[in-house]
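Given the structure is predicted, the values throughout are model-derived calculations rather than measurements.
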Amino acid sequence: AQRLWLVYVVFTALSALALLATGIGWFDSVGLSLAVVSTGGFAPEAASIGAYDSVVVEIVVIIGMVIGGSSFTLIYNAARGRPGVYRRNSEFKLYILGMVAGTVLLTAILAIDGWSVTSALRNAAFNVATLGTSTGFGNATGAGAAGDFAVWAPAAQGVLLHFMWVGGMTGSTSGGMKVLRAQVMARVAWREMRRSQRPRVVLPIKQGQEVIDESVVGRIAGFVLLYVVVVVFATLSVTLEGTDVLTGFSGAVSAMGNM
């Protein structure tokens with residue numbers, strides 16, 4: 001616990017210094033750093049990150065959110081001179097790959113919709129990071145501005161909804177179902193597809209080089225099932241008030257994932 005607190009405090013201090021270097025002032029730098037590390041999303045300004053309208057500030061915040069959404073245990077081990085833990089951790093690799101792939105896909109969708117590539121990339125990267133880590137910052141300078149994903153094409157909103165559903169890594173401050181659970185369930189689904197062709201084959205679920213005990217796999221499956229059921233019932237409850245299904249579903253996912 002003390003080691004994790006050390007990582008948390010050092011990370012917060014470094015984030016504050018990085019934000020201070022962008023020129024936004026001590027108060028905002030400290031306030032934002034606390035929200036970045038905790039992936040809490042509270043900003044000193046009402047317009048969130050959009051109040052600064054600065055690419056540099058957004059880059060610093062994106063880096064901070066991505067780190068905050070990763071495992072603090074990995075951060076601690078890497079800081080002790082073992083950076084190879086990142087390369088060996090399959091959850092981290094999937095987490096980063098998902099962020100990159102989501103940003104590229106979202107940039108392409110926005111560019112096809114008529115955006116400039118630079119504006120599409122800027123807003124795609126920021127919103128994938130903020131929703132993929134459950135931080136919840138916004139970079140829109142106002143309602144209907146480029147960073148306001150509420151006015152984006154449905155396909156772009158669908159990509160963001162996927163990241164809201166999954167969230168960050170286990171051992172992080174992020175909400176959501178967590179990358180590890182989604183990873184394990186994807187492997188379970190693939191195993192069952194293979195078993196349909198070869199019923200007697202023994203196919204253990206692995207995380208990296210380690211085999212996951214079937215009891216653990218069962219608990220993960222139970223958690224994911226419960227998560228899905230609650231989201232479905234929450235969506236139905238919201239739509240009973242007259243809200244459309246997409247709004248109800250995204251609201252339920254946001255509430256469950258602590259977005």
Side-chain angles (χ1 to χ4, degrees), residues 39 66-78 82-106 108-109 128-129 131-134 155 157-236 245-246 249-250 252-259:
T39 60
V66 172
I67 295 174
S70 64
S71 170
F72 275 39
T73 302
L74 289 182
I75 297 173
Y76 178 78
N77 288 329
R82 292 185 287 176
V85 294
Y86 286 113
R87 187 179 64 256
R88 295 188 297 269
N89 189 281
S90 62
E91 183 188 12
F92 177 77
K93 289 187 286 187
L94 182 60
Y95 169 68
I96 296 299
L97 178 62
M99 290 282 185
V100 173
T103 299
V104 172
L105 177 59
L106 198 53
I109 293 172
V128 164
L131 295 180
T133 60
S134 79
Q157 294 175 341
V159 173
L160 293 178
L161 187 59
H162 164 79
F163 284 96
M164 291 171 62
W165 183 275
V166 177
M169 291 180 62
T170 53
S172 71
T173 56
S174 291
M177 187 171 58
K178 295 296 192 299
V179 175
L180 177 63
R181 293 191 179 100
Q183 189 177 23
V184 170
M185 292 312 299
R187 287 172 175 166
V188 169
W190 176 248
R191 180 179 69 176
E192 295 310 310
M193 289 176 61
R194 294 184 63 185
R195 276 183 172 176
S196 66
Q197 298 176 331
R198 302 171 61 189
R200 296 185 179 181
V201 67
V202 177
L203 298 170
I205 302 298
K206 292 184 177 181
Q207 179 68 10
Q209 299 299 319
E210 296 184 8
V211 176
I212 303 177
D213 189 88
E214 286 299 320
S215 63
V216 176
V217 174
R219 287 197 293 271
I220 291 175
F223 176 90
V224 173
L225 177 61
L226 180 61
Y227 196 97
V228 172
V229 169
V230 172
V231 168
V232 170
F233 273 96
T235 301
L236 292 174
V245 175
L246 179 59
F249 180 68
S250 59
V253 172
S254 177
M256 277 295 291
N258 195 25
M259 297 291 162

How long is the gap from [atom1] on [X] to [atom2] on [Y], to the nearest 0.5 Å?
| X | Y | atom1 | atom2 | value |
| --- | --- | --- | --- | --- |
| Ser254 | Leu161 | OG | CG | 9.5 Å |
| Arg195 | Leu203 | CZ | CG | 6.5 Å |
| Leu180 | Ser90 | CG | OG | 7.5 Å |
| Arg87 | Arg82 | CZ | CZ | 13.0 Å |
| Ile212 | Arg219 | CD1 | CZ | 11.0 Å |
| Gln183 | Thr170 | CD | OG1 | 9.0 Å |

Quiz item: For Thr133 and Thr39, does a side-chain donor sit closer than 3.5 Å to a side-chain acceptor?
Solution: no
Quiz item: Hey, are Arg88 and Gln209 close enough side-chain-wise for a donor-acceptor pair under 3.5 Å?
Solution: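 No, no side-chain donor-acceptor contact under 3.5 Å.
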Within the supplied structure, the quantity of interest is the number of heavy atoms (other residues, nucleotides, ligands) at a distance under 6.0 Å from [X] [atom1]; does it exceed 12?
| X | atom1 | value |
| --- | --- | --- |
| Lys206 | NZ | no |
| Glu210 | CD | no |
| Phe233 | CZ | no |

Check [X] against [Y] and note the closest heavy-atom contact, atom names and distance.
| X | Y | result |
| --- | --- | --- |
| Phe72 | Ile67 | CE1-O, 4.4 Å |
| Gly102 | Val159 | O-CG1, 4.3 Å |
| Lys178 | Ser172 | CE-OG, 4.2 Å |
| Leu106 | Leu160 | CD2-CD2, 3.6 Å |
| Met99 | Ala129 | SD-CA, 4.1 Å |
| Ser134 | Gly257 | CB-O, 3.9 Å |

Quiz item: Would a distance-only check, ignoring hydrogens and angles, find a side-chain to backbone donor-acceptor pair under 3.5 Å from Ser71 to Met169?
Solution: no
Quiz item: Are any side-chain N or O atoms of Ser250 and backbone N or O atoms of Leu246, one a donor and one an acceptor, separated by less than 3.5 Å?
Solution: yes
Practice problem: For Val166 and Tyr95, run side-chain contact (heavy atoms from CB on, under 4.5 Å): C-alpha distance rounded to whole Å, both residues' side-chain angles, the deciding distance at 0.1 Å, then the answer. | Solution: CA-CA 10 Å; Val166 177; Tyr95 169 68; over 6 Å; no
Quiz item: Should the ring pair Tyr86 and Phe92 be called parallel, tilted or perpendicular, given that the plane angle runs from 0 to 90° and is split at 30 and 60?
Solution: tilted
Quiz item: Under 4.5 Å between any side-chain heavy atoms of Arg194 and Val201, yes or no?
Solution: no
